[in-house]
Amino acid sequence: MLSTHSQAPLHPSPPSPPRTWVSGPKFVPLSPIQHLRSTGMKALLLLLLAPLCAPSLIPEREKDPEFWRRQAQQTLREALRLQRLNQNVAKNLILFLGDGMGVSTVTAARILKGQLQNRKGEESLLEMEKFPYVALAKTYNTNAQVPDSAGTATAYLCGVKANEGTVGVSAGVTRDRCNTTKGQEVTSILRWAKDSGKAVGIVTTTRVTHATPSAAYAHSANRDWYSDGEMPPDALEGGCKDIARQLVENIPDIEVILGGGRKYMFPKNASDVEYPHEDKHRGTRLDRRDLVQAWRDAKPRGKVAEYVWHRRELLALNLSRVDFLLGLFEPGDMVYELDRNNETDPSLTEMVAVAIRMLQKNPRGFFLLVEGGRIDHGHHEGKAKQALHEAVELDRAIGLATRVTSPQDTLSVVTADHSHVFTFGGYTPRGNPIFGLAPMQSDVDRKPFTSILYGNGPGYKIVGGERENVSAVDFAHADYQAQSAVPLRQETHGGEDVAVFARGPMAHLLHGVHEQNYIPHAMAYAACIGANRGHCNAASRPAAPALLLPFLLLLLR
């Protein structure tokens, strides 16, 4: 492929004039005055100051070929060790789901993580990227080439592909058609784990009734039926239950549920405990039920069920005395990590730490679903900075979980439900700020552009009949909407495969290009739960033949 980095120094001293891209593989310099006229003073200052602020493009050690050879040899030694497969039975299962975390998002988050640590970024490693096994998952829904989060959640939690917009049901269910649901319900790996005696938990940065968590416990012809207040009359008359009610009733002994979504649990117009004067946060239930109280009432006598809505309450709990925990920290989805009030709302990492401590009390192990759900929302809004910081926070939670569990008995899987039409490029130099400008202008409209762009979405703007000049706006702002090719109020999902990272017992079963619905089957096989358990007796006695062999050899002498 074309390389431009060798043709001209990108950060000469003194600073060279900015360049623009013209036909053919060649940078053509603009004079500072030409650039000032075309992009404005702000962009010129950024380009002039960048070489003064940035370190040398190439770290000194990377100029030595032995640096790369040693790195490759170390990687080779680690790869050879993987020939000794970990075939233990997985006592614990953790499924981390980055909603909307396509491969381009993973790569950009890796660079962001490094740059937050004052490094160039490209050489950084996410915690998920330290997992030894990587596969790809095909994300299409049964009726959609580019999927949604509900049909995909049904695949990677229930092991069955489904139609877009439906959760916990087979493809025999048509979206919005309540009367197609009966008999088409499918169960999730969370249910399989619970039925085998394990503790189970759900942690999410969205509402706990959102598409990803709801596929773990609910069966619905429409992912948006959060409470009965969002359901049409015909669905209510047809006997379909809203998702919040199913959370409380379908699997009443889920040990840990942490996320947002308070308003779907309380009667319509009931004031919210945190935002009592804001109408949009009031309760939505038409049946006038208090589902938090119903959740408490469903617990066995003598068991302690704690409900919290504040970070301080969560972190103050004596978890040794708590049997069931429900934490709802916002009326709807939780606040973006960049905007989070760290006095009132816990981070995803803090919620995961609490959840694991709760679930580890069960001697038979646990299953935990962890969703970084607002990566998806950031992308839909065209706010790449929000999305990528959400991805970095999910990675922090993954790091925490790997530190407090062992790969000898815990299978951890990290994946995404789908991708987004999110990209970054523009021949940016090494260490370029991930939210920064490309090093050249368009050769068509002579304007600069940010490295990060979207294929479609709300960032499409025309100013004076032309593409907006990004040098006139604060493109490093948390809520900046990156430019897009097609105008849409909400950016869309992408259709390409997503990565699957695996670590722990039987992680090698995730090894190639798989249908997305394969994921829970592989995890269940590793843990000897669900229907596929014919191998489990043998797996529980792997050392027996090795112990007998010396005695047999003695007898044969």
Side-chain angles (χ1 to χ4, degrees), residues 95 97 99 137-195 200 202 208-228 230-251 254 264 367 369 371 376 415-418 492-493 495 497-498 513-525 529-533:
L95 178 57
L97 194 286
D99 198 312
K138 298 158 66 176
T139 64
Y140 67 92
N141 295 150
T142 46
N143 65 340
Q145 185 179 75
V146 177
D148 93 312
S149 297
T152 51
T154 304
Y156 62 73
L157 285 171
C158 302
V160 174
K161 287 221 172 193
N163 291 331
E164 62 87 26
T166 65
V167 290
V169 291
S170 75
V173 173
T174 303
R175 185 171 187 169
D176 294 324
R177 296 278 300 278
C178 169
N179 61 2
T180 64
T181 306
K182 190 171 184 180
Q184 300 297 323
E185 299 89 349
V186 292
T187 57
S188 75
I189 188 171
L190 181 143
R191 166 77 79 170
W192 310 340
K194 172 53 69 174
D195 288 347
V200 297
I202 296 169
V208 296
T209 50
H210 211 252
T212 295
S214 67
Y217 58 82
H219 316 284
S220 180
N222 189 315
R223 56 174 286 178
D224 298 326
W225 290 349
Y226 302 126
S227 78
D228 57 352
E230 285 77 37
M231 295 177 67
D234 66 298
L236 293 171
E237 292 162 7
C240 283
K241 295 181 182 179
D242 65 87
I243 294 170
R245 182 178 168 191
Q246 292 188 60
L247 172 63
V248 172
E249 297 180 357
N250 286 6
I251 311 178
I254 297 174
Y264 307 110
F367 169 82
L369 171 64
E371 184 196 20
D376 178 70
T415 189
D417 46 358
H418 54 74
T492 73
H493 297 168
D497 298 349
V498 296
V513 180
H514 303 298
E515 293 287 358
Q516 193 170 41
N517 66 290
Y518 168 71
I519 293 171
H521 292 284
M523 295 183 74
Y525 182 95
I529 61 175
N532 187 9
R533 289 186 285 183

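Note: hydrogens, waters and symmetry copies are ignored here, and every other heavy atom, side chains too, is used. In this text, all values refer to a predicted model and were calculated from it rather than measured experimentally.
Side chain of T180 to backbone of V173: no donor-acceptor contact under 3.5 angstrom is found. The backbone N or O of E164 lies less than 3.5 Å from a partner atom in the side chain of N143, making a donor-acceptor pair. Between the side chain of N222 and the backbone N or O of D176 there is no donor-acceptor pair closer than 3.5 Å. Between the side chain of K194 and the backbone N or O of I254 there is no donor-acceptor pair closer than 3.5 Å. Between the side chain of R533 and the backbone N or O of G530, at least one donor-acceptor pair lies under 3.5 Å. No donor-acceptor pair closer than 3.5 Å links the side chain of N517 to the backbone N or O of K161. Remark: the backbone N or O of Y264 is not paired with any side-chain donor or acceptor of S227 at under 3.5 angstrom. Looking only at distances, no side-chain donor or acceptor of T166 sits under 3.5 Å from a matching main-chain atom of R175.
Nearest heavy-atom pair, D242 versus Y226, reported as atom, atom and distance to 0.1 Å: OD1-O, 3.5 Å. For the residue pair T212 and L157, the shortest heavy atom distance occurs at O-CD1, 3.4 Å. Here the shortest heavy-atom pairing between A137 and Q516 reads CB-CA, 4.2 Å. In this structure, Q246 and A218 approach most closely via the heavy-atom pair OE1-CA, 3.3 Å. The two residues A162 and T154 have their closest heavy-atom pair at CB-CG2, 3.9 Å. Between W225 and E230, the shortest heavy-atom contact is CD1-O, 3.6 Å.
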Please assess R223 against S149 for the test side-chain contact (heavy atoms from CB on, under 4.5 Å), listing each intermediate value before the final yes or no. CA-CA 9 Å; R223 56 174 286 178; S149 297; 3.9 Å; yes

Go through L95 and F367 one step at a time and tell me if the side-chain contact (heavy atoms from CB on, under 4.5 Å) criterion holds. CA-CA 8 Å; L95 178 57; F367 169 82; 4.3 Å; yes

Give the intermediate values and the outcome of side-chain contact (heavy atoms from CB on, under 4.5 Å) for residues T139 and D417. CA-CA 7 Å; T139 64; D417 46 358; over 6 Å; no

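Under the ring pair (Phe, Tyr, Trp, His ring centres under 6.0 Å) criterion, H219 pairs with no residue at all, not counting sequence neighbours. Remark: T415 engages no residue in a side chain to side chain donor-acceptor pair (under 3.5 Å) (not counting sequence neighbours). Here T181 pairs with nothing under the side chain to side chain donor-acceptor pair (under 3.5 Å) rule; sequence neighbours left out. Applying the ring pair (Phe, Tyr, Trp, His ring centres under 6.0 Å) rule to Y518 yields the partners H514; only residues at least two apart in sequence or on another chain are considered. Under the rule for a side chain to side chain donor-acceptor pair (under 3.5 Å), D228 has no partner lying at least two apart in sequence or in another chain.
Annotation: the span from N250 atom CG to E185 atom CD amounts to 9.0 Å, rounded to 0.5 Å. Rounded to the nearest 0.5 Å, atoms NZ (K138) and OG1 (T152) are 15.5 Å apart. Within the model, atoms CD1 of I202 and CD1 of I251 stand 7.5 Å from one another, a figure rounded to the nearest 0.5 Å. Atom CG of residue N532 and atom CH2 of residue W192 lie 9.5 Å apart, to the nearest 0.5 angstrom.
Side-chain atoms of V513 and D497, non-hydrogen and from C-beta on, do get closer than 4.5 Å to each other. Taking 4.5 Å as the limit, some side-chain heavy atom of T142 sits within range of a side-chain heavy atom of N163. Looking at heavy atoms from C-beta onward, I529 lies out of side-chain contact with D195 at the 4.5 angstrom threshold.
Taking the six-membered ring where tryptophan is involved, the planes of H418 and H493 are essentially parallel, since the angle between them stays under 30° and well short of 60°.
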Side chains of residues 234-241: which donor-acceptor partners sit under 3.5 Å, not counting sequence neighbours?
from, atom 1, to, atom 2, distance (Å)
K241, NZ, E249, OE1, 3.0

